[in-house]
Amino acid sequence: MNCENARELFAGHVDNLLYESEKEALEGHLKSCQRCSGEIEAQQSAALLARSAPRFRAPEGFTLSVMKEIRAIENEQSLFSWLWTMPAHLKLLEAAALMAVVFMGVYSAGFLSGQIMGGNGLAENGDASLVASVSMEYLDPVTPESMTDMYLSARENGNEN
Amino acid sequence: MIQKDELTLIENARQGDSSAFETLVLKYQDKVYNICRYMLGPHDAEDASQDSFIKAYRNLDRFTPMPGFSAWITRIAINTCLDYKRKPAHLSLVRTSGEGEEYEYEHASNGPGPEAALSSKQSALSVAKAVTRLSDKLRAVLVLSDIEGLSYSEIAEALDISMGTVKSRLSRAREELKKLLEDSREHI
């Protein structure tokens, strides 16, 4: 056995995993080779030291953190699979309902803003009116007389209806 | 070889029983964390460990009973660590890690012997530091063999290398470790 062949058996010798024939051949070589003998001793010592190295433990709450992530993935997947497995007609129905809700929202927003702005005569007058609507002049307090007039005309309108 | 109850847990987890997977995480969390801690240092070890379990969960359908969950999760952990190391941001964290770290430890070997005097906390720490100075290839084999206690075939499976390569890398890793420890003692 030469040094190269002997080195291939070093790890197995240190870990006591050699076949009897390999062990005998290696030991025969070690008796005649001081260099290999020194190397194998160093490796035995290094293996003992490595086995004494600390084993780090996972931080507290590690499993909980992992499971939190996994449950979030599960929730995503279940929502996706629910949508994916829905029958086609239900998907269409759902899409139509969604569009209807959006349309209603847009329409009612437009209707309300139109009523507010139209009621003050602002919609027709464009940007200039809009600027005027937020001016201090527009927000001037009404006089007590005009308040009475407004109340009376409202009453009259009510009676007419 | 995989244990029967582990196979049941994996099957249940595949069916959507996340508590079954939780049992597996609890069992292997220290092993995975220890590997990631040696491969990456303290800053990225926790994230990499978490990623490893999440990858395992996402790929449960690809799991095969041979070589077993232990070897499979080890392989995922090693690959995750290598992915982390390929990213420059992670690389810089690894190189500045390990100073003044507080941690619990236990001795892999507690029998008496010529090196028993070195099994103090301080010596264990200096060995750990020397291990982290080995190259990735040598470190992975040494950590899996001498610290995690995996067999040569399990290491070969986890690292996707031949048994011959495991033996030669292990031999070189031990040789390198011995030199690093001698150098560090000379500098004290």
Side-chain angles (χ1 to χ4, degrees), chain A residues 3-19 22-23 26 30 35-82 85, chain B residues 16 18-19 21-22 25-26 29-34 36-38 42 45-46 49-50 53-54 57-58 103-110 113-116 118-119 121 123-125 127-128 130-131 142-143 145-149 152 164 166-171 173-179 181:
Chain A
C3 294
E4 199 181 324
N5 294 335
R7 276 198 197 94
E8 286 171 13
L9 301 176
F10 279 4
H13 181 77
V14 169
D15 294 322
N16 209 17
L17 292 170
L18 294 183
Y19 294 113
E22 290 176 321
K23 199 175 169 184
L26 179 65
L30 293 177
R35 192 178 156 192
C36 283
S37 190
E39 278 180 27
I40 212 161
E41 265 180 40
Q43 289 202 22
Q44 269 168 331
S45 165
L48 279 170
L49 288 166
R51 287 168 196 154
S52 76
R55 287 189 83 245
F56 295 91
R57 293 186 187 128
E60 216 169 299
F62 177 84
T63 299
L64 282 176
S65 310
V66 172
M67 293 316 295
K68 198 177 160 189
E69 291 286 330
I70 283 172
R71 286 188 178 118
I73 293 167
E74 270 184 343
N75 289 339
E76 271 174 35
Q77 281 175 344
S78 60
L79 178 68
F80 182 76
S81 62
W82 178 73
T85 53
Chain B
S18 58
S19 65
F21 192 73
E22 190 171 358
V25 178
L26 262 173
Q29 61 171 3
D30 288 341
K31 180 195 185 89
V32 168
Y33 181 80
N34 188 48
C36 294
R37 172 62 181 77
Y38 273 104
E46 190 174 354
S49 309
Q50 281 200 20
F53 282 111
I54 290 164
Y57 185 78
R58 283 182 190 270
Y103 58 88
E104 289 182 57
Y105 75 101
E106 59 189 41
H107 296 295
S109 166
N110 49 16
E115 306 294 336
L118 288 170
S119 63
K121 184 176 180 177
S123 300
L125 279 174
V127 173
V131 171
L142 188 95
V143 169
S145 170
D146 290 345
I147 302 176
E148 278 301 323
Y152 291 172
V166 172
K167 289 176 196 170
S168 63
R169 281 189 193 173
L170 186 56
S171 190
R174 285 167 175 166
E175 204 177 309
E176 195 69 28
L177 179 69
K178 186 74 178 168
K179 279 181 197 161
L181 285 166

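- Taking CZ of B:F53 as the start and CZ of B:R58 as the end, the distance is 15.5 Å to the nearest 0.5 Å.
- Here A:D15 is the residue among A:V14, A:D15, A:L64 with the most heavy-atom pairs under 4.5 Å with chain B.
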Pair up each side-chain donor or acceptor in residues 66-73 of chain A with any protein partner under 3.5 Å, not counting sequence neighbours, and list the distances.
{"unit_1": "A:R71", "atom_1": "NE", "unit_2": "B:S18", "atom_2": "OG", "d": "3.3"}
{"unit_1": "A:R71", "atom_1": "NH2", "unit_2": "B:S18", "atom_2": "OG", "d": "3.4"}
{"unit_1": "A:R71", "atom_1": "NH2", "unit_2": "B:E22", "atom_2": "OE1", "d": "3.3"}

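- Residue B:L142 touches chain A through its side chain alone, counting heavy-atom pairs closer than 4.5 Å.
- Neither the backbone nor the side chain of B:S168 comes within contact range of chain A; no heavy atom of the residue lies under 4.5 Å from a heavy atom of that chain.
- Contacts of A:I40 with chain B are absent, with no heavy-atom separation under 4.5 Å from either backbone or side chain.
- By number of non-hydrogen pairs under 4.5 angstrom with chain B, the leading residue of A:A58, A:G12, A:A47 is A:A58.
- Between the side chains of B:S49 and B:Q29, no donor-acceptor pair is found at a separation under 3.5 Å.
- Closest of all the heavy-atom pairs between B:Y33 and B:E46 is CE1-N, 3.8 Å.
- A search for salt bridge (Lys or Arg N to Asp or Glu O under 4.0 Å) contacts involving B:R169 returns nothing, not counting sequence neighbours.
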